[in-house]
There are 2 protein chains.
Amino acid sequence: MTDAEYVNIWMRPERPARGPKPAYSRAQITEAAIRIADAEGLEVATMRRIAAEIGAGAMSLYRYVPSRDNLVELMADRLMGEIDVTGMPSGDWRADLTRYADGLRAMWLRHPWIATVQRSLPSFGPNQLLLIERLMGVLDAHVAIDENLGLMALLAGYVEGTVREEISSAKEIRRSGLSESEWMARSHSYVERLVKSGEYPIFTKIVMEARQPHLSRDDQFRYGLQRVLDCIAAALPSTA
Amino acid sequence: MTDAEYVNIWMRPERPARGPKPAYSRAQITEAAIRIADAEGLEVATMRRIAAEIGAGAMSLYRYVPSRDNLVELMADRLMGEIDVTGMPSGDWRADLTRYADGLRAMWLRHPWIATVQRSLPSFGPNQLLLIERLMGVLDAHVAIDENLGLMALLAGYVEGTVREEISSAKEIRRSGLSESEWMARSHSYVERLVKSGEYPIFTKIVMEARQPHLSRDDQFRYGLQRVLDCIAAALPSTA
DNA sequence: CATTACCGCGTACAACGTACCCAGTGGAGG
DNA sequence: CCTCCACTGGGTACGTTGTACGCGGTAATG
């Protein structure tokens with residue numbers, strides 16, 4: 001009853017009116033959890049481990065956070081705050097969106113575990129709200145709000161899609177201990193078998209291309225991003 | 001030692017040479033797991049629950065699958081097989097990619113839990129391989145392989161991005177028991193508070209738009225998809 | 001000063017993935 | 001044919017997880 005009215009995390013007040021001073025804080029807990037998740041993965045960031053990180057007892061965390069899932073929401077929103085969108089409807093929409101895309105990608109690469117937490121739409125944390133306001137403001141003067149939403153979904157989809165691949169291949173490469181160009185060619189006997197079978201010509205082409213990439217990951221990303229921005233430009237009225 | 005050589009699931013043989021006939025099969029287990037995940041979510045599909053579904057003991061599953069993570073890989077690949085890409089380099093690339101995008105979206109909506117499993121790149125299951133061959137074949141004659149990869153990442157990124165939002169909002173709506181148009185406006189007191197604060201004009205616009213959507217989810221998807229295909233068309237040489 | 005609402009946290013429990021072990025089974029080699 | 005042993009299904013058990021509950025202590029309110 002008393003808890004049910006807080007339909008989400010952001011409505012639940014952090015500091016109560018009375019009682020002893022809390023020894024910790026949501027921010028501190030969130031920070032510790034992110035630190036662990038960055039270093040060892042999200043599944044390592046258990047309640048006990050997080051508590052140990054800040055020198056607290058495991059159950060103390062529940063004074064600050066209703067559940068681990070909610071803590072992950074807090075963590076995800078904290079990450080949104082890392083994307084710099086200050087002064088963002090700057091007038092140059094292409095520069096703004098490029099900066100956003102770069103920031104989003106860099107943030108994902110800093111915190112790869114974010115790929116494993118499914119975004120729950122209704123969780124509008126303060127950082128996510130600020131991001132929405134600034135980012136959607138970039139095209140707000142040029143297109144209708146629903147088209148704006150679609151275009152931003154396209155942009156974020158591109159970034160997240162490419163970064164997801166970067167993350168998973170990086171994870172695999174770290175696991176195997178080989179360099180990226182060597183990995184596909186030598187280490188993975190399964191891939192080798194597929195290539196040698198001759199049944200997958202296009203897959204083989206991909207493998208060969210990965211063997212001698214003539215574009216760095218960054219360049220690949222930037223190149224694709226230009227394509228996406230071109231696409232957005234085409235959807236804009238001619239005034240821009 | 002004996003297990004370490006099977007670097008991934010697909011190399012591990014399903015049927016051994018000797019011994020009694022197995023009572024179940026990988027396909028049967030995978031199917032049961034998918035059935036449970038569809039109905040009650042991936043986290044409900046525990047080893048014990050899956051075993052119960054097919055009338056087996058919990059530990060029997062480990063005769064067929066090395067770990068639950070590997071079983072999830074099997075499930076994910078089975079899902080790839082649901083996307084119909086038969087006869088796919090048909091000559092009309094726009095039709096092919098539309099069919100693929102529709103199929104991918106429909107599959108995700110049938111199995112929303114797929115959003116929670118991070119794709120691990122090196123897991124090239126048979127269905128995924130077939131999908132790659134057919135899909136990448138569509139543009140293979142027109143663009144270089146690395147550009148092809150980028151364009152397909154763009155397309156898949158768009159589909160997955162929009163579908164992720166559909167899934168999470170559908171989940172929230174089912175949880176609240178309200179209609180979609182009512183949900184944002186009435187039920188969510190947090191959203192109401194944000195709107196009334198007046199500090200988030202663009203967020204408010206989004207909420208108002210969602211209150212009276214003039215485009216269905218399907219139409220929104222199709223509209224955005226046309227934008228993406230236009231973008232792909234722009235990246236193609238003029239011969240197409 | 002008494003009350004009350006909070007604090008940190010130890011204990012406990014259910015559910016999870018899965019290591020280990022067992023008796024039984026059926027194809028291969030004699 | 002029999003013997004062997006690689007395999008089968010599955011019961012038991014262990015370590016780890018999220019977290020419900022309740023304790024004794026503390027600080028703001030009346």
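Residue numbering restarts at 1 for every chain, and letters A, B, ... go by the order of the sequence lines. The model shown is predicted, which means the values in this text are computed figures rather than measured ones.
- The pair B/Arg49-B/Glu53 meets the salt-bridge criterion, with a side-chain N (NZ, NE, NH1 or NH2) lying under 4.0 Å from an Asp/Glu carboxylate O.
- Contact check, B/Tyr24 against D/dG10: a side-chain N or O comes under 4.0 Å of OP1 or OP2.
- Taking every heavy atom of residues 46-61 of chain B and every atom of DNA chain C, pairs under 4.0 Å involve B/Thr46, B/Met47, B/Arg48, B/Met59, by number.
- Atom CG of A/Asp69 is separated from atom C1' of D/dT19 by 12 Å (rounded to the nearest Å).
- Checked against a 6.0 Å centroid threshold, the rings of A/Tyr200 and B/Phe124 do not count as neighbours.
- One atom, CZ of B/Arg63, and another, P of D/dG10, lie 11 Å apart when rounded to the nearest Å.
- For the pair A/Glu43 CD and D/dG15 P, the computed distance is 21 Å after rounding to whole Å.
- Residue A/Tyr62 contributes atom OH, which lies 21 Å from atom P of D/dC23 at whole-angstrom precision.
- A heavy-atom distance below 4.5 Å is not found between the side chains of B/Met136 and A/Lys205.
- Within the 4.0 Å cut-off from OP1 or OP2 of D/dC7, not a single side-chain nitrogen or oxygen of B/Tyr64 is found.
- Sequence neighbours left out, the pairs with a member in residues 22-31 of chain A that pass salt bridge (charged side-chain N to carboxylate O under 4.0 Å, His left out) are A/Glu31-A/Arg78.
- In this structure, A/Lys21 does not reach the C/dG8 phosphate: none of its side-chain N or O atoms is under 4.0 Å from OP1 or OP2.
- The pair A/Glu166-A/Arg105 meets the salt-bridge criterion, with a side-chain N (NZ, NE, NH1 or NH2) lying under 4.0 Å from an Asp/Glu carboxylate O.
- Ion pairing of A/Arg110 with A/Asp38 is absent here, as no side-chain N (NZ or NE/NH1/NH2) approaches a carboxylate O to less than 4.0 Å.
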